[in-house]
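This report concerns only the one structure given below.
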Amino acid sequence: MTAISLGPLVFAGDRLAAILAIVAFLGIAAIVAGRIDPRIGNWSLVVVVVGFVAARLGHVAANWDSFAEAPLRIFAVQEGGFSWIAAIAAAALYTLYACRGAKLRAWSFGTLAIAFVIWNTAWQLTATTNAVAAPMAAFATLNGGEARLSDFEGKPVVLNLWASWCPPCRREMPMMAQMAKERGDAFFVFANQGEGADTVRRYLEQTGVEIDNVLLDQANSFARHYSVAGYPATLFLDKTGTLQTMHFGEISREILASTLSDIAQKDD
């Protein structure tokens with residue numbers, strides 16, 4: 001999944017696709033409301049909320065075993081995790097309920113269909129990830145040694161680009177550390193971007209986070225190599241060290257686990 005930079009703002013491709021679809025949907029609905037039926041306006045506002053809530057609840061239901069341990073994570077929408085199938089189903093059902101009459105329903109479903117096409121097109125354009133080989137350079141480690149990504153070949157690699165000043169990085173780090181301990185089928189490599197050993201060590205000591213495989217990338221070489229525009233970024237490499245996909249922004253346990261499973265299936 002690529003990231004799109006719009007001035008100082010950086011969007012993950014899937015989130016930008018959703019934003020574009022919602023903006024287009026509301027814009028088209030406003031035009032239809034003004035020219036065809038004013039009821040389309042109120043319907044469009046409600047259906048966005050219905051679709052958003054259903055998308056989140058659909059994801060939570062599909063991954064309830066994980067959310068049951070910390071139910072408040074249901075509200076952590078910044079991590080991502082939405083079911084587009086649940087969103088479409090809920091939007092369709094609400095439209096059937098709220099829009100009575102063949103003409104009103106035709107315009108409503110037509111507006112939804114256009115928004116879906118826009119979302120799908122934008123998502124397809126941003127969903128591809130170039131199969132980039134791992135850099136050959138060696139990086140300093142927190143314990144004073146050196147390591148290359150090639151040292152971790154043989155299993156899939158989760159490469160997390162982070163910095164201690166980055167709030168989303170700090171939020172996701174405890175979960176990443178726990179996953180690193182639980183998942184014996186992958187290497188987790190934490191490449192700090194732009195900070196020195198003392199800063200990184202102090203951050204880990206203050207937060208109590210325990211992680212291995214900490215690389216110090218003070219020149220932001222990983223970010224340039226993989227064309228990463230913002231942090232945190234979680235890159236998924238197969239067992240040969242080739243980039244398969246990446247996630248921009250804070251990542252959830254469920255997305256991390258499902259992506260690792262997908263890569264493992266490809267490796268097999």
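If you read the sequence from its start, that first residue is 1, and numbering goes on from there. Owing to the predicted nature of the structure, the values given are computational and were not obtained by experimental measurement.
- Ion pairing between a basic and an acidic side chain is recognised when a charged N comes within 4.0 Å of a carboxylate O; Glu69 and Arg253 show no such pairing.
- Judged by distance alone, the side chain of Lys155 and the main-chain N or O of Gly184 form a donor-acceptor pair under 3.5 Å.
- Side-chain contact between Glu172 and Pro232: present, with at least one pair of heavy atoms (C-beta onward) separated by less than 4.5 Å.
- In terms of heavy atoms, His247 sits closest to Glu250 at NE2-O, 3.1 Å.
- Between Met179 and Ala257, the shortest heavy-atom contact is CE-CB, 4.1 Å.
- For Ala137, the side chain to side chain contact (heavy atoms under 4.5 Å, CB included) partners at least two apart in sequence or on another chain are Phe139.
- A 4.5 Å side-chain heavy-atom check between Phe152 and Val189 finds at least one atom pair inside the cut-off.
- Residues Asp151 and Arg148 are not paired through a salt bridge, judged by the lack of any N-O separation under 4.0 Å between the basic side chain and the carboxylate.
- Two residues are said to be in side-chain contact when any heavy atoms from C-beta on lie closer than 4.5 Å; Leu142 and Asn192 fail this criterion.
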**OP:** List the steps and the verdict of side chain to side chain contact (heavy atoms under 4.5 Å, CB included) for Arg201 and Val214.
**Re:** CA-CA 10 Å; Arg201 195 174 289 112; Val214 180; over 6 Å; no

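- Here the two rings, on Phe248 and Tyr231, have centers that are 6.0 Å apart or farther.
- A distance-only check finds no donor-acceptor pair linking the side chain of Asn63 to the backbone of Asp65 [under 3.5 Å].
- Nearest approach of Ile255 to Gly81, heavy atoms of both residues: CD1-N, 3.7 Å.
- Taking the six-membered ring where the residue is Trp, Trp119 and Phe116 present tilted rings, their angle falling between 30° and 60°.
- With Tyr97 as the aromatic partner, Arg100 meets the cation-pi criteria of under 6.0 angstrom to the ring centre and within 45 degrees of the ring axis.
- Aromatic ring orientation, Trp43 versus Phe25: perpendicular (interplanar angle above 60°, classes split at 30° and 60°).
- A salt bridge links Arg73 with Glu254; the closest basic N to acidic carboxylate O contact falls under 4.0 Å.
- Ring pair Phe67/His59 is perpendicular by interplanar angle, where above 60° counts as perpendicular and below 30° as parallel.
- By the ring-ring contact (aromatic ring centres under 6.0 Å, His included) test, Phe188 pairs with no residue at all, sequence neighbours left out.
- Taking 4.5 Å as the limit, some side-chain heavy atom of Leu235 sits within range of a side-chain heavy atom of Leu237.
- Proximity of Phe236 to Met246: side-chain heavy atoms (C-beta onward) are nowhere separated by under 4.5 Å.
- The two residues Ala29 and Ser44 make their nearest non-hydrogen contact at CB-CB, 3.4 Å.
- Side-chain atoms of Asn220 do not come within 3.5 Å of backbone N or O of Ala223 as any donor-acceptor pair.
- Side-chain contact, Gln244 with Asp262: no donor N or O sits under 3.5 Å from an acceptor N or O.
- Contact annotation: the side chain of Arg56 approaches that of Val77 to within less than 4.5 Å [non-hydrogen atoms, C-beta and beyond].
- Contact between Thr141 and Ala147 at its shortest, heavy atoms only, is CG2-CB, 3.7 Å.
- Within the 4.5 Å cutoff, the side chain of Leu256 has heavy atoms near those of the Leu260 side chain.
- Proximity of Met173 to Ile211: side-chain heavy atoms (C-beta onward) are separated by under 4.5 Å at one or more points.
- Glu195 and Ser164 are linked by a side-chain donor-acceptor pair at a separation below 3.5 angstrom, with hydrogens and angles left out of the test.
- Between Ala92 and Phe109, the shortest heavy-atom distance links the atoms O-CZ, 3.8 Å.
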